[in-house]
Protein chains: 2
Amino acid sequence: MARLKRLVLERLMRYYRYIVSVPEMRGAKTVTSAQIAGALDIDPTQVRKDFGAIGLLGMGRVGFGVCEVCTAIRRVLGFDERLEAVVVGAGHLGGALVAYERFTQYGLHIVAAFDSDKRKAGRRVGGLLVQPTRALTPYVRRHKIRLAILTTPPEVAQKVADRLVAAGVTAIWNFAPTRLTVPSEVMVRNEQIALGLSEISYHLAEQAREKQG
Amino acid sequence: MARLKRLVLERLMRYYRYIVSVPEMRGAKTVTSAQIAGALDIDPTQVRKDFGAIGLLGMGRVGFGVCEVCTAIRRVLGFDERLEAVVVGAGHLGGALVAYERFTQYGLHIVAAFDSDKRKAGRRVGGLLVQPTRALTPYVRRHKIRLAILTTPPEVAQKVADRLVAAGVTAIWNFAPTRLTVPSEVMVRNEQIALGLSEISYHLAEQAREKQG
DNA sequence: TAGATTGTTAATCGATTAACAATC
DNA sequence: TAGATTGTTAATCGATTAACAATC
């Protein structure tokens, strides 16, 4: 099976969420590409192509088996495997991620939180005791942690990333607004929340300009 | 000037951040498209095109004036205008956004927070007193709020959105994992953080599969 | 069977990159 | 002037959509 691209993966996630959580899906045995596409504002052909890419075959006149779809997506995206992650940077955002229970639906478990701030270390964040940064490397090594969630200030993000990589992490979910330099075998997913502001701010500014003249 | 697309706006945001915050930019009078492109891993032609789209003209052999670039981006994206927003849903994520001070750099000021949970209403979140949801509509009306940041659970997101629209909001920054149905003149930006997990989880699952067989 | 839905190939669309003359 | 950098047109690349025979 060819390596799936980012856009495909994100759509698979959306299909999965639709199928497992939308009320009209409750109890349904089958689902058509048109149903999913309509709900998610996607082209039905796209849905069938994505399903085809992960080996899902539909049935003419009926659609796809709900169970098969769920199972296939879970398997491909790895939701059945327990995935343990550490959070580095126990500020507001880090705390929000630790507290977000829905991640466990996808197999993700945040098992430790770290912060360099001595006032934060020792405090509790969403059920986790925040540890000082010097405990990071040994923890990652001992527990064979593969994923780190980075929510530090941008100034220290690269330094932390270097330590994480040295400790053996192979994926970083980066919420700091900086590009990270890492070896090619380490995967970085950048989550730049502030980028959304560009679209919103522009839209509102345009609106104001149109109103004026 | 033609309406700018989402990808262009996001790149403009990244150019802006690079220019105002990266150390090697300190004191520089000019910057070339190659410099920016190199730092952000973008094609230099793209940078020049984007600059051209907002009316920026470079100088042969020299590049672009740092000041001009900043000013132009700020003006186009509307960062010079004060933009007031309310947060609805004062949970961990809502709190994190309220506490995020860097937004003011872009003209965004979160001026009020609301939550339907009676235990949360009355508490402080990042300097703001959380108000009960019944205060939402009057507040938005009175202060002519145009932007709402939605961080409620997905189940109530649509209902809240309806109220916000009725109260006069024209843009919604939606962090709830649901598609919202709103009138066409209202802009919705979806920030689906969990989508990133699909890419990470897949990558790590693939890695494990490769190792096994 | 008739008809809705699939899987797949071809056509379209848009975004990115390459090429290069014009410029300072 | 020589050479680095721009602005713009053309070529490429990839993703999305349309068309339609095959299927149950």
Side-chain angles (χ1 to χ4, degrees), chain A residues 1-15 18-19 24-25 28-69 72-73 76 179 190 195 198-199 202, chain B residues 1-15 18-19 24-25 28-69 72-73 76 179 190 195 198-199 202:
Chain A
M1 184 144 56
R3 193 165 233 101
L4 302 172
K5 306 224 173 128
R6 196 164 70 94
L7 290 174
V8 177
L9 296 170
E10 294 191 356
R11 283 196 302 266
L12 288 174
M13 182 73 148
R14 293 173 63 199
Y15 304 153
Y18 170 73
I19 286 177
E24 59 258 39
M25 221 57 244
K29 286 260 186 309
T30 59
V31 62
T32 67
S33 59
Q35 263 180 284
I36 299 176
L40 302 178
D41 201 21
I42 289 178
D43 191 280
T45 307
Q46 188 70 271
V47 177
R48 298 201 293 274
K49 267 214 175 129
D50 292 336
F51 282 1
I54 60 171
L56 273 169
L57 283 185
M59 300 164 278
R61 218 176 69 90
V62 182
F64 296 81
V66 169
C67 272
E68 284 91 326
V69 173
I73 297 182
V76 169
R179 288 207 112 46
N190 292 302
L195 289 186
S198 64
E199 198 185 352
Y202 172 74
Chain B
M1 185 146 52
R3 195 166 230 100
L4 302 172
K5 306 224 172 128
R6 197 162 68 94
L7 291 174
V8 177
L9 296 170
E10 293 190 357
R11 282 195 301 266
L12 288 173
M13 182 73 146
R14 293 172 63 199
Y15 304 152
Y18 170 72
I19 287 177
E24 59 258 41
M25 220 57 244
K29 285 260 185 311
T30 59
V31 62
T32 68
S33 60
Q35 262 180 287
I36 299 177
L40 302 178
D41 201 20
I42 290 178
D43 191 281
T45 308
Q46 189 69 273
V47 176
R48 298 201 293 274
K49 267 211 174 133
D50 291 337
F51 282 1
I54 60 171
L56 272 169
L57 283 185
M59 301 164 276
R61 216 176 70 91
V62 182
F64 296 81
V66 169
C67 273
E68 284 91 326
V69 172
I73 297 182
V76 168
R179 286 207 115 44
N190 292 301
L195 289 186
S198 63
E199 197 184 353
Y202 172 75

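Numbered from 1 within each chain, the chains take letters A, B, ... in sequence-line order.
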Which protein N or O atoms sit under 3.5 Å from an N or O of nucleotides 16-18 of chain D?
residue, atom, partner, partner atom, Å
D:dT16, OP2, A:R11, NH1, 3.2
D:dT16, OP2, A:Q46, NE2, 3.0
D:dT17, O4, A:K49, NZ, 2.9

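A close approach under 4.0 Å does occur between a side-chain nitrogen or oxygen of B:R48 and OP1 or OP2 of D:dT6. For B:K5 and C:dA15, the shortest distance from a side-chain N or O to OP1 or OP2 is below 4.0 Å.
Proximity of a side-chain donor or acceptor of A:R11 to a complementary backbone N or O of A:D50 within less than 3.5 Å is not detected. Proximity of a side-chain donor or acceptor of A:Y202 to a complementary backbone N or O of B:L4 within less than 3.5 Å is detected. A donor-acceptor contact shorter than 3.5 Å is absent between the side chain of A:Q46 and the backbone of A:D43.
Using a 4.0 Å heavy-atom distance criterion, B:G52 is classed as making no nucleic acid contact.
Residue A:F64 contributes atom CZ, which lies 18 Å from atom P of C:dA4 at whole-angstrom precision. The interatomic distance linking A:L57 (CG) with C:dT6 (C1') rounds to 10 Å, in whole Å.
Minimum interatomic distance between A:I73 and A:F51 (heavy atoms only, all atoms of both residues): CD1-CE1, 4.4 Å.
Note on B:R14 versus B:E10: no salt bridge recorded, every NZ/NE/NH1/NH2 to OD/OE distance being 4.0 Å or above.
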Requested in this report: Would you please test B:V47 and B:T32 for side chain to side chain contact (heavy atoms under 4.5 Å, CB included) and show each step?
Outcome: CA-CA 9 Å; B:V47 176; B:T32 68; over 6 Å; no

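For DNA chain C, the residues of residues 31-39 of chain A within the heavy-atom distance limit of 4.0 Å (strictly under) are A:T32, A:S33, sorted by number.
Among the duplex regions that DNA chain C forms, those built from at least three successive Watson-Crick or G-U pairs under 3.5 Å are C:3-24 with D:3-24, ordered by first number.
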